[in-house]
Amino acid sequence: MNQTSQLTPVQGPLGKNDIAALIARDIPQGAFVNLGIGQPTLVADHLPADSGVVLHTENGMLNMGPAARDGQVDPDLTNAGKVPVTELPGAAYFHHADSFAMMRGGHLDICVLGAFQVSTAGDLANWHTGAPDAIPAVGGAMDLAIGAKQVFVMMTLFTKDGTPKLVPECSYPLTGLGCVDRVYTDLAVFDITAEGISVRETFGTTVDDLATRLNLPLLPATG
Amino acid sequence: MNQTSQLTPVQGPLGKNDIAALIARDIPQGAFVNLGIGQPTLVADHLPADSGVVLHTENGMLNMGPAARDGQVDPDLTNAGKVPVTELPGAAYFHHADSFAMMRGGHLDICVLGAFQVSTAGDLANWHTGAPDAIPAVGGAMDLAIGAKQVFVMMTLFTKDGTPKLVPECSYPLTGLGCVDRVYTDLAVFDITAEGISVRETFGTTVDDLATRLNLPLLPATG
Amino acid sequence: MSMQLCDHADEAVADVEDGSTVLVGGFGMAGMPVELIDALIRQGATDLTVVSNNAGNGDTGLAALLAKGRVRKVVCSFPRQADSYVFDELYRAGKIDLEVVPQGNLAERMRAAGAGIGAFYCPTGAGTLLAEGKETRVIDGRTYVLEYPIKGDVALIGAHRADRMGNLVYRKTARNFGPVMATAATTVIAQVREVVDTGALDPEAVVTPGIFVDRVVQEADRA
Amino acid sequence: MSMQLCDHADEAVADVEDGSTVLVGGFGMAGMPVELIDALIRQGATDLTVVSNNAGNGDTGLAALLAKGRVRKVVCSFPRQADSYVFDELYRAGKIDLEVVPQGNLAERMRAAGAGIGAFYCPTGAGTLLAEGKETRVIDGRTYVLEYPIKGDVALIGAHRADRMGNLVYRKTARNFGPVMATAATTVIAQVREVVDTGALDPEAVVTPGIFVDRVVQEADRA
């Protein structure tokens, strides 16, 4: 946190790598973390080498290393997105029931998930668009949403057509109720609190401007 | 079973080693078996070397070997009675939740338990005398009783004062309801069946004599 | 009872019946028992319910079984993948049923089947589409959904090594669902890369004890 | 968060509070964390609830803690043993509460606490004294008892080796309750015979991943 001034770009909107860097900055030393499929995996690239952060992958591994390069690919060693990865010293393998017991039992410090929508109550929608022709696929998203001690969401704040993704109530099918703690976006970082949505930082915009565009009451940062 | 004539003594009452030998004779090749604390452990001594029977101990091991002799004692390797034992090739260790999941999930072929009483319905009482000053201690008995595919009981048919232990209804607190399949005693072997108690063999007595002494209807062996 | 070492995958799956529920291991291709699935295709059993994390990749393995029209229903967490076109087409044509289960529930429901648990209260999915119509209960202020076991008639799993007692070890994240499925099916068939002598596996490192394994076949391209 | 390597058992248990629920590993003496219990005696925390398979042997370890009058209640499966005279005397004098739990329920209820399960239906004990007053349900014709998680404030466990990330391996049947208790307590403290460098344990053979372990102390008589 004391590195904020150094690392945080003040101009916005941020790119996905900038958002990933912000999230990496906020992950405490030695935390056990699950990075969801897709953009959240970028967070790993921004963790300092001495962070001591241990990555969990729900297909049964702790202390997962970076994506495998040429010559390192082992079909028996992939992440949850089926991407070949590597193993760090101190790794451990376990089966799926143990892996999800770990997740659901509240042992992960943080998970980072993508989202279609997050509500002011911290409801998360990230698994299903609800479109009639969509094939539903949930994977481990519901387990991560209810299991991790802290759930961080990484997303753009608006869809490409300008519709807010931080909303009074989710219109897409839910992944979990009241489970999101913090939302990292290209325009701001938000905390979901019992008092309402609090803005931690903004990037190239203001709290007032965001409140208007989102049509939501926003609280200033609480420090 | 084809060895019956060779191994079964026809005179009774049998000693505990004779009963253990009878039970060992009836355990199929390659079965996975748990032998309860106390007399049932004697069964292991009567299993042929080529039986392929695999012994389970509920404190987390399959393919347990005989009791440790001098020089073999390892405080990290005991059976459920806390007696130092040994390990056979092909052994596997697992934790207590996995061990009891194995038991309760119906994966053991046979368990052999001692008993205070067995009822005609196959109810088992073997953990608590119900005496007011007794300290209750159940261990894994209830888990074995409901978990194994077949539950064999090994006991004397009467208490020292001549009271039957095979009874219309148990007077001692129950371990499990309707869980006993077969009862090996010093005077006879009984099958608990849906039609009633069937006598498989007698030792130095007759079915009629037993029916009188037990004051129970008994069915002859069904073959 | 003792594990049967089969010479060929065809022998291992010969008795799979029409209408069976088949648990199929693997997460993507890691741990997928491809030779057993190919043998099941040759064997011809149909009207199957397949329980697996995914619904097939590309044209081989599970996808090939689906393409032959042998599968009535898929129970999985994540059917939709980049290369799940076989499933996608069948699903959109209404030719296959789908039950989407959160990945942790899929694992835990199979564990419950293997562990003798009748049902369990689980926080995953509470308040979402996937819990609709399910019983819920508030325990200590949190809402839980009642989930029931998933039991298989047959499990087809991939492992790394087996000894001649059926003890299995896996390799890296290819472990995934194999150990859980091995506890949850009436008949468990493992495809392994290597069969080693009994005693060659470290008893501390055995993941699936032989008690759970009915048949083992060594992969043909390694035999 | 990262595991703390303690120089002495006293440091490891310094913050245990009066009134805590303490899970104590071991089955008899195998896996019993004697040095941690001795440190807890020196530390002085009282009014404890102890969850352990047994209620102490002889005059050392758990028995010594009981003898000091620090334990309000014991939750265990098998208090009565040949050398459990300390517990026996306290119990008969009405100076200690006892909850007898079938051994499999003890293990499974702690697993549930660690796995985020709110409650589960279990066949063990149905129709017996130990299920009196508990909710039951018939599922598929079988009667199950509803059992709730057992969660600890602290777990004291014994293991064989730890690496510097807190990954643990056990030895033979001394594994028993350690791995389950490690998932079920807020603060998990392991006494080990040897601390090895990170990377020295086989990732396939780690039984308790470091995520579950808060503090490790090497046994003094081996340091």
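To find a chain, count down the sequence lines: A is the first, B the second, and so on, and within it residues start at 1. Only a predicted model underlies this, so the values are computations on that prediction, with no experimental measurement involved.
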task = Please work out whether the ring planes of D:F177 and B:H96 are parallel, tilted or perpendicular, with thresholds of 30° and 60°.
result = parallel

query = Is the NZ or CZ atom of B:K82 positioned over D:F27's six-membered ring, under 6.0 angstrom from the centre and within 45° of the axis?
reply = yes

query = Within residues 130-149 of chain D, which positions have a heavy-atom distance to chain B below 4.5 Å?
reply = D:L130, D:R142

query = With distance as the sole test, does D:T128 use its side chain to make a donor-acceptor pair with the main-chain N or O of B:G176 at under 3.5 Å?
reply = no

query = What part of B:T175 lies closer than 4.5 angstrom to a heavy atom of chain D: side chain, backbone, both or neither?
reply = backbone

inquiry  = Does any part of the side chain of B:H95, heavy atoms only, come nearer than 4.5 Å to the side chain of D:T208, both counted from C-beta?
reply    = no

key: Which atoms of B:P136 approach chain D - backbone, side chain, both or neither, heavy atom under 4.5 Å   = both

remark   = Rounded to the nearest 0.5 Å, the CD1 atom of B:I146 sits from the SG atom of D:C122 at a distance of 6.5 Å

request  = Pick one of side chain, backbone, both or neither for B:D74, based on which atoms fall under 4.5 Å of a heavy atom in chain D.
outcome  = side chain

key: salt bridge (charged side-chain N to carboxylate O under 4.0 Å, His left out) evaluation trace for D:R193 with B:D76   = CA-CA 12 Å; D:R193 292 169 182 155; B:D76 283 347; 2.6 Å; yes

Residues of residues 113-121 of chain B with any heavy atom under 4.5 Å of a heavy atom in chain D = none

query = How long is the gap from CH2 on B:W127 to CZ on D:R80, to the nearest 0.5 Å?
reply = 9.5 Å

key: Test item: B:R104 side-chain N/O and D:T124 main-chain N/O as donor-acceptor pair under 3.5 Å   = no

query = Is there side-chain contact between B:N59 and D:N53, with at least one heavy-atom pair below 4.5 Å?
reply = no

request  = Sort B:Y93 into side chain, backbone, both or neither according to what part of it lies under 4.5 angstrom from a heavy atom of chain D.
outcome  = both

